[in-house]
Amino acid sequence: MSDAFYQKSINDPDGFWSEQAKRIEWHKPFEQVCDYSRPPFAKWFVGSETNLCHNAVDRWAKTQPDQPALIAISTETVDGSPVEKIWTYQQLLREVERTAAIMQSLGVGKGDRVLIYMPMIAEATFAMLACARIGAIHSVVFGGFAAHSLATRIDDAQPKLIVSADAGSRGGKAIPYKPLLDEAIELSTNKPEHVLLVNRHLAEMNLVAGRDLDYAAQRELHIDAQVPVTWLKSDDISYILYTSGTTGKPKGVQRDVGGYSVVLAMSMQTIFCGQPGETYFSTSDIGWVVGHSYIVYGPLIGGMATIMYEGTPLRPDAAIWWQIVEKHKVTRMFSAPTAVRVLKKQPPELMKKHDLSSLKALYLAGEPLDENTSAWVADALGVPIIDNYWQTETGWPILSVAKGVDDRPTRLGSPGVPMPGYRVKVLNEANGALCGANEKGVVVIEGPLPPGCLQTVWRDDQRFLSSYWSNFSTEQVYSTFDWGIRDADGYYFILGRTDDVINVAGHRLGTREIEESVSSHENVSEVAVVGVEEKVKGQVAFAFVIPKHSDKVETPEAKKQFEKEVFAIVDHQLGAVARPAHVFCVNLLPKTRSGKLLRRSIQAICEGRDPGDLTTIEDPSSLTQIREALASKA
């Protein structure tokens, strides 16, 4: 069966989604599958009532109470040796009820916002599920985010309660959260009534009397609490998750309850092929959308054990993830291409150190997956590598190959084909015409967006319309802001952001295309290409490369030879017009903690501008390397 599942979702959406809705439990059935009377705003499963926490926890606590639900593992210990704790579904339910009772005792109820600013610890999962249980709207902000960025989110969400911790930890070093949080609250105009703090004893905490509360003490007060589920309308708001906008004001992606529950249940079985009782390991963070959908809610809705990992892929050594896979018999794993590239630079025997026979597939998303990385990890692990492409806004994959219902092969360099309900097409940027096979254009989606996608921008319907739905005068479509092509067989290829385009003497070139070409040189481990302003051509490309073997490019002569070889490859594959003006060798590239390249920051440094908001940067020394590389050629 290849296309029938998808085609039914397009040709008979009501019938299709009615069928998928049977995958979850409803308190009250729906009267209408989709209300699209006010496009592009869609309401799914109208008239129904359900609850995310009920579908993720309570239903399984009834049928498989002693099955592992949450496995929290941290290598952020003194020597990097992992510590772990496991909660069964019954135990998870009790913890969630305790946290929900604490929230209710602090006056939090349906529709109130709770901002969660936490490291990757179990209490963060309890807090998210507790919000879902009582109908509060959570807004998770990536732990360690800078005070100013956190303050803008506090002001936008206006939380009644903030849940946080004394500190997070990275590579064994404590990152104090409380001073950042105190500063953010000081900067914000909408101050929370209470702050609930998990004390990990990693950093000093000054508690503000009357506002700050200790989580452990509050938990003891509510140790026997039983908190019934608050039944919510399908289109009630489950959470807000902020994504960076082109303006300074953050965009709060607003998600529903019912539609999101249904697509997570469906995608866990059809795309990720997970079964109740199996173990799922996503290496992401709850601060990002992958953490919401495929660490917390999705695997639990699917009745699986989910692994919540605090640590890096390299500590105590680069075999730690595979040690976890072996120990917990992980069947499905989800990571990012960046993480795989990091592991690619480690000794290959570390991949062979552990028994990975339980692992059935590795799923990768978050940035385009290049062919070299895909082929390397497929060979190293001996399992299928399934790419998937989506966004914070969509909440679940737009493109992939849903192996649970589709036997078509994956294709190197392509994340796949549209998932159910996504009417994807590629439009010419200039005139809005439909692009032919292999013709480059902007990837867009026709409305209504399928269940689980953003309902709107939190408290800003106008921004939802102007940002996403007003980019073509010919028709109202959702723009992904990504370049792509669709080949003759219907596979899509993502070529990078529409704002990651270089205009060299009138030629529009995607940075992704040049990066793909440069990375085919045998001594290239990773590459970032940015467009830099140039008086004659408008822009030229600069390539920053992490070599696989840095000893081969140590001398100025060796660097020059390497640059010439890269030029020749790009000339041959893309033509001289795409050749970078310079190739620079570095040991690190500036990235966010989730692995996204900070291309705009690199570009700003190249052009002598301020690199901008760097609150999410993984390692600030990477920017120093960019500056030094530029200076060496000046």
Side-chain angles (χ1 to χ4, degrees), residues 1-36 42-56 58-60 63 132 231-236 238 255-276 280 289 292-294 296-304 332 363 386 388 390 393-408 416-424 445-455:
M1 168 187 182
S2 224
D3 226 17
F5 192 71
Y6 172 75
Q7 285 306 333
K8 177 157 189 190
S9 78
I10 300 303
N11 301 330
D12 177 19
D14 281 12
F16 178 85
W17 291 112
S18 295
E19 198 60 38
Q20 300 315 309
K22 293 173 185 170
R23 295 180 188 267
I24 70 161
E25 292 185 354
W26 301 87
H27 179 62
K28 188 176 161 195
F30 50 90
E31 293 151 13
Q32 185 183 358
V33 175
C34 181
D35 174 359
Y36 199 51
K43 291 183 178 183
W44 288 95
F45 308 111
V46 183
S48 66
E49 288 180 0
T50 188
N51 183 287
L52 264 170
C53 180
H54 170 84
N55 280 293
D58 299 62
R59 69 187 285 210
W60 300 108
T63 58
W231 297 108
L232 303 170
K233 288 192 301 191
S234 176
D235 65 333
D236 279 341
S238 59
R255 194 96 61 217
D256 76 352
V257 175
Y260 189 50
S261 302
V262 169
V263 294
L264 290 181
M266 178 189 75
S267 64
M268 282 310 299
Q269 292 191 331
T270 59
I271 301 173
F272 299 104
C273 305
Q275 297 302 322
Y280 193 90
V289 70
H292 283 58
S293 295
Y294 298 112
V296 179
Y297 292 116
L300 294 174
I301 286 173
M304 301 178 80
R332 308 281 160 180
Y363 301 83
I386 316 282
N388 55 112
W390 45 299
E393 289 84 351
T394 65
W396 64 288
I398 300 170
L399 303 170
S400 190
V401 175
K403 288 292 186 181
V405 288
D406 190 342
D407 55 12
R408 84 181 76 208
V417 297
M419 292 296 93
Y422 286 109
R423 302 166 186 264
V424 184
I445 306 166
E446 288 181 20
L449 294 178
C453 294
L454 81 166
Q455 296 173 294

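For the numbers below, each heavy atom of this structure counts, side chains included, while hydrogens, waters and symmetry mates do not. None of the values given here were measured: they were computed from a predicted structure.
Centroid-to-centroid, the aromatic rings of F272 and W396 stay 6.0 Å apart or farther.
Checked by atom type and distance alone, the side chain of W231 never pairs as donor or acceptor with a backbone atom of N51 at under 3.5 Å. Of the possible polar contacts, none joining the Y297 side chain to the N55 backbone as a donor-acceptor pair under 3.5 Å is found. Judged by distance alone, with hydrogens and angles left aside, the side-chain atoms of S48 form no donor-acceptor pair with the main-chain N or O of F30 at under 3.5 Å. Side chain of N11 to main chain of Q7: a donor-acceptor pair is present (N/O by atom type, distance under 3.5 Å, no hydrogens or angles). In this structure, W26 contributes its side chain and G258 its backbone to no donor-acceptor pair below 3.5 Å.
In this structure W17 satisfies the side chain to side chain donor-acceptor pair (under 3.5 Å) test with no other residue, sequence neighbours excluded. Residues forming a side chain to side chain donor-acceptor pair (under 3.5 Å) with D235 (at least two apart in sequence, or on another chain): none. Applying the side chain to side chain donor-acceptor pair (under 3.5 Å) rule to E446 yields the partners K425; only residues at least two apart in sequence or on another chain are considered. Judged as a side chain to side chain donor-acceptor pair (under 3.5 Å), and not counting sequence neighbours, H292 has no contacts. Residues that satisfy the side-chain contact (heavy atoms from CB on, under 4.5 Å) test with Q32, not counting sequence neighbours, are D35, V46.
Residues L52 and S238 approach most closely at CD1-CB, 3.7 Å, considering heavy atoms. When every heavy atom of S400 is checked against every heavy atom of I386, the shortest pair comes out as OG-CG2, 3.5 Å. The shortest heavy-atom contact between M419 and V401 is CE-N, 4.1 Å. Residue M304 comes nearest to Y280 through the heavy atom pair CE-CB, 3.8 Å, listed as atom of the first residue, atom of the second, then distance. Here the closest non-hydrogen pair linking I24 and A265 is CG2-CB, 3.7 Å. A pairwise comparison of heavy atoms in C453 and Y422 identifies SG-OH, 3.5 Å as the closest pair.
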(request) Check the pair W390, V289 against side-chain contact (heavy atoms from CB on, under 4.5 Å), reporting the backbone distance first and the verdict last. (result) CA-CA 10 Å; W390 45 299; V289 70; 3.7 Å; yes
(request) Begin from the C-alpha positions of N388 and I271 and carry the test side-chain contact (heavy atoms from CB on, under 4.5 Å) through to its verdict. (result) CA-CA 9 Å; N388 55 112; I271 301 173; 5.5 Å; no
(message) Run F45 and V262 through side-chain contact (heavy atoms from CB on, under 4.5 Å) and show every step you take.
(response) CA-CA 10 Å; F45 308 111; V262 169; 3.8 Å; yes
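Atoms NZ and CZ, from K403 and R408 in turn, are 9.5 Å apart once rounded to the nearest 0.5 Å. Taking NE2 from H54 and NE2 from H27, the interatomic distance works out to 10.0 Å, rounded to the nearest 0.5 Å. To the nearest 0.5 Å, atoms CE (M266) and CD (Q20) are separated by 5.5 Å.
Residue pairs meeting the side-chain hydrogen bond (donor to acceptor under 3.5 Å, both in side chains) criterion with at least one partner in residues 255-275, sequence neighbours excluded, are R23-Q269, Y239-R255, Y239-Y260, Y260-S293, S267-Y294.
Taking the side chain as every heavy atom from C-beta outward, P418 and I398 never approach each other to under 4.5 Å.
Atom NZ of K43 has 12 or fewer heavy atoms from other residues, nucleotides or ligands within 6.0 Å.
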